[in-house]
Amino acid sequence: MSTTLSVRPLHEVFVGEVAGADLTQPLSDSQIAAIEAAIAQYAVLVFRDQRLTDDQQLAFSRRFGELEETRGTGITKPGELRLHPAFADVSNLDKDNAVLARDNRRRLYSLGNRLWHSDSSFKPIPARYSLLSGRVVATHGGDTEFADMRAAYDALDEATKAEIAELVCEHSLIYSRELLGFDDLTDAEKATMRPVTQPLVRRHPISGRTSLYLASHIGLILGWPVPEARAFIRDLTEHATRPRFVYAHKWRPFDLVMWDNRCTMHRVRRYEASEVRDMRRTTVAGEPPIAVGARVAA
Ligand SMILES: [Fe+2]
């Protein structure tokens with residue numbers, strides 16, 4: 001197998017397509033280092049035609065660190081898992097591989113993935129990398145869109161950069177579901193979704209680049225009136241998801257897309273509800289964000 005990876009840009013500011021890697025096989029340390037260097041630069045990497053088994057996806061993902069395990073929110077009961085708990089099952093299938101009914105509660109809850117977000121920003125230690133394998137892709141729609149939060153930050157005017165430098169936001173699944181009118185959460189479910197705080201601006205530990213850290217999970221900015229915070233977060237999100245910062249990934253079967261949640265947002269686009277879409281995500285756990293607020297960094 002070739003040990004030389006090459007990366008071809010797919011967008012003006014981020015996203016690279018990697019050639020020369022067969023992810024079904026164990027990779028050398030130098031290949032893993034090359035992938036880490038590439039994702040620090042490109043933020044999103046596309047690997048084509050990777051016919052991964054679940055075990056192969058787990059093995060490749062674990063080369064980048066400890067994996068997140070599915071954390072019970074109560075929406076999916078433990079006995080209902082279709083995949084190993086180290087997978088986030090972002091398919092539209094139940095444990096028997098049947099397509100979820102349109103009004104299925106788990107399906108409606110998962111529609112939160114259609115809102116711009118960064119994976120696990122609602123956890124105290126949010127995600128580093130996500131690796132999404134397209135086993136059965138939608139025939140129409142179902143693109144995953146990515147937005148480069150570094151380029152979006154760089155394009156802000158200096159006054160805005162100064163204003164947001166030390167702001168801290170609250171993130172919770174409750175807030176993102178509320179945006180879709182999914183508000184019939186039980187007290188037990190809500191208890192698993194308690195808000196966590198994250199800086200609005202963060203620095204990438206490898207590239208050193210500064211990013212907005214946005215997600216639809218944000219419900220407030222500490223110290224701000226709620227409506228003003230939500231209007232401002234909406235403004236920043238509109239800015240950060242302008243077409244020039246966004247790449248739309250059109251899935252081919254067996255694509256593996258890996259992204260860095262520390263400096264990107266993503267969302268899935270609409271697809272036919274009755275059609276099988278089998279997407280399997282593994283998630284590498286991260287570290288507490290590095291805030292760029294001067295007092296924090298000093
Ligand atoms: Fe996601």
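The first residue of the sequence shown is numbered 1, and numbering continues consecutively from there. Fair warning: this is a prediction, and the values are worked out from it, not measured in the lab. Keep in mind that the numbers below use all heavy atoms, side chains included, and drop hydrogens, waters and symmetry copies.
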Can you name the side chain to side chain donor-acceptor pair (under 3.5 Å) partners of S216, sequence neighbours left out?
none
Electrostatic pair E145-R267, nearest N-O below 4.0 angstrom
yes
Please list, chain by chain and in numerical order, all residues satisfying side-chain contact (heavy atoms from CB on, under 4.5 Å) with E12, sequence neighbours excluded.
none
Hydrophobic cluster (4.5 angstrom, side-chain heavy atoms) - remaining members for V276
L93, V99, V136
Would you find a donor on one side and an acceptor on the other, under 3.5 Å apart, between the side chain of Q50 and the backbone of L256?
no
Scan side-chain atoms only and decide if D55 and T53 contain a donor-acceptor pair under the 3.5 Å cut-off.
no
Which other residues end up in the same hydrophobic cluster as V15, if Ile, Leu, Val, Met, Phe, Trp and Tyr are linked when side-chain heavy atoms come under 4.5 Å apart?
L10, V13, F14, V44, V46, V90, L132, V137, F146, Y247, W251, V257, W259, M279
Whether D49 and R252 form a salt bridge (side-chain N of Lys/Arg under 4.0 Å from carboxylate O of Asp/Glu) is what I want to check.
no
So, R277 and E272, do they make that salt bridge, N to O below 4.0 Å?
no
Those residues that, when tested against D29, pass salt bridge (charged side-chain N to carboxylate O under 4.0 Å, His left out) (two or more places apart)
R63
Determine whether the aromatic ring centres of H171 and Y213 lie less than 6.0 Å apart.
yes
Backbone of V246 reached by a side-chain donor or acceptor of H11 within 3.5 Å
yes
Test of understanding: with side chain to side chain donor-acceptor pair (under 3.5 Å), list the residues that count as partners of E228, not counting sequence neighbours.
none
Less than 4.0 angstrom from a charged side-chain N to a carboxylate O is my criterion; do E287 and R262 meet it?
yes
Go through N97 and R82 one step at a time and tell me if the side chain to side chain donor-acceptor pair (under 3.5 Å) criterion holds.
CA-CA 8 Å; N97 287 310; R82 188 174 70 102; 3.0 Å; yes
When you compare the side chains of H217 and S176, does any donor N or O come within less than 3.5 Å of an acceptor on the partner?
yes
Going by the rule side chain to side chain donor-acceptor pair (under 3.5 Å), which residues pair with Q57 if we only count those two or more places apart in sequence or in a different chain?
R135, T282
Of all residues at least two apart in sequence or in a different chain, which pass the side-chain contact (heavy atoms from CB on, under 4.5 Å) check with T210?
Y153, V201, R203, V292
Is it the case that N261 and S130 place a side-chain donor and acceptor less than 3.5 Å from each other?
yes
Please name all residues satisfying side chain to side chain donor-acceptor pair (under 3.5 Å) with Y109, sequence neighbours left out, ordered by chain then number.
none
Hey, is R280 close enough to D54 for a salt bridge, meaning N to O under 4.0 Å?
yes
Would R281 and D119 pass as an ion pair if we require N to O under 4.0 Å?
yes
In chain order, what residues pass the salt bridge (charged side-chain N to carboxylate O under 4.0 Å, His left out) check against E158, with sequence neighbours excluded?
K161
Would N113 and S110 count as having a side-chain donor-acceptor pair, cut-off 3.5 Å?
no
Report yes or no: do S120 and E68 form a side-chain donor-acceptor pair below 3.5 Å?
yes
Kindly compute the distance separating CZ (R244) from CG (D148), expressed to the nearest 0.5 Å.
11.5 Å
Test of understanding: with salt bridge (charged side-chain N to carboxylate O under 4.0 Å, His left out), list the residues that count as partners of R48, not counting sequence neighbours.
E17, D255
Would you mind checking if E178 and R230 are paired as a salt bridge, meaning a charged N to carboxylate O distance below 4.0 Å?
yes
R177 meets the salt bridge (charged side-chain N to carboxylate O under 4.0 Å, His left out) criterion, sequence neighbours left out, with none
Taking C-beta and beyond as the side chain, do D260 and I206 meet within less than 4.5 Å on heavy atoms?
no
Side chains of T139 and E275: is there a donor and an acceptor less than 3.5 Å apart?
yes
